[in-house]
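Residues take their numbers from the sequence shown, with the count starting at 1. Each ligand, and each atom within it, is numbered from 1 in the order the structure gives. Every value quoted in this text rests on a predicted model; they were computed, and no experiment measured them.
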Amino acid sequence: MAEVASAGSVRTITLGAIADDYTGATDLANTFARAGLAAVQTIGLPDADTPIPTADAVVVALKIRSVPAEEAVAAALSAHAALVARGATHVLYKICSTFDSTDAGNIGPVTDALRAATGTRLCLVTPAFPETGRRVFQGHLFVGDRLLSESPLKDHPLNPMRDADLVCVLARQSAAPVGLVDLDAVRAGADAVGAQASALAGAGCGAAIVDCVADEDLAAIGAAALASPVSTGASGLGLGLARALLASGRVAPSPATKLPPVGGPAAILAGSCSAATRAQLDAAERTMPVLRLDPERAVEDPDAALTSALDFARTHLVDGGAAAVAIATSAPPEIVAAVQARFGAAAAGHALEGLMARIAEHLVAHGLRRLVVAGGETSGAVVDALKVRTLTIGPQIAPGVPATLALGAPAGALALALKSGNFGREDFFARALEALP
Ligand code: ADP
């Protein structure tokens with residue numbers, strides 16, 4: 001079992017992060033772990049009872065990307081206070097690498113509030129993550145070879161991104177003017193970044209977008225950011241901060257955390273309808289029993305769907321001795337469209353997430369301790385229902401998806417893999433089962 005420190009214990013963390021959504025939090029925690037930090041993610045705000053395992057970095061996963069700005073600010077300030085109380089000397093506000101936000105927020109208002117709370121004159125901000133194709137040059141964000149405003153993000157249902165000039169985008173949602181730390185400063189190193197930031201602060205700026213086009217740029221940006229108590233960015237900045245922290249010698253590199261064995265049979269719950277997840281289910285069919293629930297019938301009568309899912313699991317796992325089963329509502333686009341036309345997209349999505357959460361609750365109540373969940377929203381519904389409080393980040397299964405040990409659920413420790421729909425190759429489920437101890 002991982003060593004656990006309670007709120008009152010002396011063990012402190014060095015790096016804190018507040019993520020504006022759950023899958024972004026896992027991605028960042030996985031990035032910290034890959035860089036060599038012992039990393040833990042909390043689901044929601046940690047309180048005095050939250051069991052936080054010993055770690056160098058703690059990521060608090062919130063859902064504040066698209067809520068009203070005052071709500072996002074209040075939640076972020078509480079998370080910041082909790083992280084600082086546990087010893088964090090720097091807190092990263094983790095945003096999406098495509099800068100998902102509107103003129104009402106929430107990147108500007110939260111950054112302003114964290115800056116005020118820490119007495120910081122200027123906050124460095126960059127969503128860049130070159131290895132995933134997110135680059136910032138002259139303050140403009142590129143997604144692959146397109147400007148943000150010409151990428152598919154321009155039509156995002158909640159946060160349509162129609163302006164690639166992040167200095168302007170952030171200024172529209174910030175209290176103080178926003179400046180630019182350009183690539184020349186970044187290439188000249190952390191001190192030059194710090195000097196340009198000080199000059200901008202002297203001119204009245206409260207934040208600066210930082211250019212970053214190559215992986216090597218992250219170290220200088222991370223070192224400059226680490227010198228102040230807060231920064232705002234995506235997993236790329238997280239990587240820069242982790243590298244700078246390790247280079248400073250304040251933290252020794254940790255090998256990938258070996259998760260303690262949980263054991264027993266496993267279940268895969270798939271609520272993602274992405275092409276990747278559907279291909280992974282087809283592949284799983286060759287190695288394990290797969291139940292494909294009829295989504296229309298499942299929305300209409302979730303109790304009946306729950307019963308058939310639990311019967312299926314019992315038949316194969318208990319009576320049949322199978323090592324794992326998969327249960328899915330995943331469907332191709334034409335079926336999803338029909339379900340959405342009949343019930344409405346939000347209502348159908350909510351009903352099917354709720355069904356998956358109940359299936360997970362019942363399986364865990366019957367003793368199952370190893371779960372793989374496919375789908376970002378679906379994962380959120382499942383961890384909330386299981387009352388998971390923290391995830392200790394273990395070895396990476398696929399880019400962005402670590403094996404984790406979940407603590408805090410009344411049922412005890414769980415081995416969990418939570419994946420955003422599009423992540424992982426075709427053999428993802430087999431790999432996940434191998435990686436979950
Ligand atoms: P992803 O990570 O691929 O976006 P999510 O779990 O975040 O996956 O979102 C998938 C959404 O689709 C969830 O709200 C889920 O309940 C819903 N859903 C799952 N199966 C179906 C289906 N057959 N028809 C319509 N909606 C579905």
Give me the nearest non-hydrogen protein atom to [atom] as residue plus atom name, then the distance to 0.1 Å.
atom                    : value
atom 7 (O) of ligand 1  : Glu377 N, 2.7 Å
atom 12 (O) of ligand 1 : Gly271 O, 3.8 Å
atom 23 (N) of ligand 1 : Thr329 O, 2.9 Å
atom 8 (O) of ligand 1  : Gly375 CA, 3.3 Å
atom 4 (O) of ligand 1  : Gly376 N, 4.7 Å
atom 13 (C) of ligand 1 : Glu353 OE2, 3.4 Å
atom 6 (O) of ligand 1  : Thr378 OG1, 2.6 Å
atom 25 (C) of ligand 1 : Val336 CG1, 3.7 Å

Legend entry - Atom indices of ligand 1, in the order listed, that fall short of 4.0 Å to a heavy atom of Ala331: 23 (N)

Legend entry - Where ligand 1 meets Cys273 - atom numbers and elements under 4.0 angstrom, heavy-atom basis: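 Answer, ordered by atom number: 19 (C), 20 (N), 21 (C), 22 (C), 27 (C).
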
Verify, without hydrogens or angle tests, whether [X] (side chain) and [Y] (backbone) share a donor-acceptor contact under 3.5 angstrom.
X      : Y      : value
Thr102 : Ala104 : yes
His80  : Ala76  : no
Ser274 : Thr277 : yes
Asn106 : Ile64  : yes

Inset, instruction - Measure the spacing between OG1 of Thr26 and CD1 of Ile393 and express it to the nearest 0.5 Å. - result: 6.0 Å

Inset, instruction - Measure the OG1-CG distance between Thr287 and Leu433 for me, rounded to the nearest 0.5 Å. - result: 7.5 Å

Inset, instruction - For atom CZ of Arg172, decide whether the heavy atoms of other residues, nucleotides or ligands shown that lie under 6.0 angstrom number more than 12. - result: yes

Legend entry - Heavy atoms from other residues, nucleotides or ligands near CZ of Arg342 exceed 12 (cutoff 6.0 Å): yes

Under 3.5 Å: N/O of [X] near N/O of ligand 1:
X      : result
Ser272 : yes
Leu352 : no
Gly349 : yes
His350 : no

Inset, instruction - Evaluate the 4.0 Å heavy atom contact test for atom 16 (O) of ligand 1: does a protein atom fall under the cut-off? - result: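 Protein heavy atom within 4.0 Å of atom 16 (O) of ligand 1: present.
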
Legend entry - Shortest reach to atom 1 (P) of ligand 1 by a heavy atom, considering only Gly421, Gly380, Ala346: Gly421

Legend entry - Result of checking Ile209, Leu183, Val186 against Val136 for side-chain contact (heavy atoms from CB on, under 4.5 Å): Ile209

Inset, instruction - Decide, yes or no, whether a salt bridge links Arg243 with Asp215 under the criterion of side-chain N to carboxylate O below 4.0 Å. - result: yes

